Structure formats: C-alpha cells, structure tokens
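Report on one structure; see the data block that follows.
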Amino acid sequence: MNGDEQLLRGRVYGRDHDDPDPGPRPGRTYVELTGGPLDGLLLDVTGWTPDDIDAGAALPTELGRFGAGGRAVYGPRPGAPGRFDWSGDTP
C-alpha cells in the first residue's frame, strides 16, 4: 500500500484531507468502500433509504480513470451490508 492509500484508510469520503478529525462520527451510519480509487474510505449513508442503498453511488473523484469530473461507481455487496464494492469509473 502506498502513502496515498494509507492516508485514505479510515477517512470519511468527502471530508477535507486536512480535517483534524477525518474519521467517522458517533450516531452516523457508514459503509466501507472496497476496491477502486476510493478503497478504504467510509461513505456516510445516514438517512439513506433501503432503495438508496440498493442503488449504490457514483461518487465524484479525481482519483479514478477519468480524472477531474469523473465518478467512481460503488454498490452494495450482497450479504455484507457494511460494504460497497467498486464496479468501475464513469465520466
């Protein structure tokens, strides 16, 4: 694992990289992103409906195949409600 990957682990997606507390917060619900450019980040799904969870998420990131403006696509892992697996990148 390179330094950039270590920096991302345990951090919540969307938090500033210089946030003094980039980790999860009490009372929130998170899923772990697995695979792809956001591997190891946590996604806050507090308030998401079951349909929202089933739909997954296309998350803006500069780290994916399409660079700035691209999105990394993640969806729920069957049988593992706390994980979203990467399925690819989209412009």
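Scope of the values below: all heavy atoms of this structure, side chains included, with no hydrogens, waters or symmetry mates. The chain is numbered in sequence order, starting from 1. Everything numeric here is computed off the predicted structure, so don't read it as measured data.
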If Ile, Leu, Val, Met, Phe, Trp and Tyr residues are connected whenever their side-chain heavy atoms lie under 4.5 Å apart, and connections chain through other members, are V45 and V73 in the same group?
no
Can you check whether L33's main-chain N or O pairs, donor with acceptor, with R83's side chain at less than 3.5 Å?
no
Answer yes or no: is there a donor N or O on one side and an acceptor on the other, between the side chain of Y13 and the main chain of E32, under 3.5 Å?
no
Short question: side chain of T34, backbone of F84 - any donor-acceptor pair under 3.5 Å?
yes
Test of understanding: clusters of I, L, V, M, F, W, Y form through side-chain heavy atoms closer than 4.5 Å, transitively. Do L63 and Y74 belong to the same one?
yes
What's the shortest heavy-atom distance between F66 and T90, and which atoms?
CD1-C, 3.4 Å
Okay, side chain of R11, backbone of R15: is any donor-acceptor separation there less than 3.5 Å?
yes
Could you state the interatomic distance from OG1 (T49) to CG (D54), rounded to the nearest 0.5 Å?
8.0 Å
Under 3.5 Å side-chain donor-acceptor pair for D51 and W48:
no
Mark yes or no for whether D85, through its side chain, and R77, through its backbone, hold a donor-acceptor pair below 3.5 Å.
no
Minimal heavy-atom distance between V31 and P81, with the atoms involved, is CG1-O, 3.6 Å
Please tell me if the side chains of L43 and Y30 come closer than 4.5 Å, counting only heavy atoms from C-beta onward.
no
What heavy-atom pair brings W86 and G36 nearest, and what distance separates the two atoms?
CD2-CA, 3.3 Å
Nearest heavy-atom neighbours spanning E62 and A68
CG-CA, 3.8 Å
Considering all heavy atoms, the nearest L38-A72 contact
CD1-CB, 4.2 Å
